[in-house]
Amino acid sequence: TIPESKRARLLNPASMKQALVESAQRQATASIFEQGAGHLNVNGAFGVLSNYQPRVSVFPAVWDLTSSACPYMWPYCTQPLYA
């Protein structure tokens with residue numbers, strides 16, 4: 001558990017959302033727009049918050065535009081890249 005002296009600083013809406021997004025489990029067949037971060041994993045979020053240290057996170061964690069990423073990254077994986 002988080003010590004009571006640190007709770008007000010560490011447990012806030014942003015850290016709660018970060019823990020929920022980081023612990024969500026991605027669906028295999030749905031795109032990023034259909035599922036968001038994925039299935040809610042409350043036990044995983046509790047694990048993230050149990051030893052939480054403030055940090056920066058990015059969603060999605062991996063930006064894969066190859067054909068192997070379809071259908072998750074659709075429509076981005078079907079668009080040609082131009083330089």
Side-chain angles (χ1 to χ4, degrees):
T1 62
I2 297 175
E4 195 168 331
S5 61
K6 295 183 179 180
R7 282 185 195 160
R9 186 173 59 87
L10 293 179
L11 290 181
N12 55 54
S15 64
M16 296 296 289
K17 180 181 179 184
Q18 186 177 32
L20 290 171
V21 168
E22 284 182 11
S23 64
Q25 296 174 341
R26 190 174 111 184
Q27 295 175 340
T29 58
S31 76
I32 192 170
F33 298 108
E34 293 171 326
Q35 69 174 307
H39 283 285
L40 186 64
N41 181 359
V42 177
N43 288 332
F46 178 75
V48 169
L49 286 174
S50 293
N51 48 16
Y52 181 77
Q53 294 294 322
R55 61 187 173 276
V56 175
S57 62
V58 178
F59 176 76
V62 176
W63 192 255
D64 183 9
L65 298 179
T66 61
S67 61
S68 64
C70 281
Y72 180 67
M73 292 300 289
W74 180 89
Y76 302 115
C77 57
T78 59
Q79 299 289 327
L81 291 176
Y82 296 102

Fill in: Exam field: side chain Gln18 to backbone Pro54, donor-acceptor pair closer than 3.5 Å
no
Practice prompt. Please check if the side chain of Gln35 supplies one atom and the backbone of Ile32 the other of a donor-acceptor pair under 3.5 Å.
Written response: no
Discussion item. Any heavy-atom pair between the side chains of Phe46 and Asn41 that's under 4.5 Å?
Written reply: no
Discussion item. Nearest 0.5 Å, please: how far is CZ in Arg55 from OG in Ser15?
Written reply: 9.5 Å
Worksheet entry | Joint cluster assignment, Leu20 & Val42, ILVMFWY side-chain distance < 4.5 Å | yes
Worksheet item: How long is the span from the NZ atom in Lys17 to the CD atom in Glu22, to the nearest 0.5 Å?
Response: 12.0 Å
Discussion item. If hydrophobic clusters are built from ILVMFWY residues whose side chains come within less than 4.5 Å, do Val21 and Phe33 share one?
Written reply: yes
Discussion item. I need the His39 NE2 to Gln27 CD distance, nearest 0.5 Å.
Written reply: 3.5 Å
Item to complete: Indicate, with yes or no, if Tyr52 and Met16 share a hydrophobic cluster defined by side-chain heavy-atom contacts under 4.5 Å among Ile, Leu, Val, Met, Phe, Trp and Tyr.
Response: yes
Worksheet, complete the sentence: In this structure, OG of Ser23 is separated from CG of Leu40 (nearest 0.5 Å) by 7.0 Å
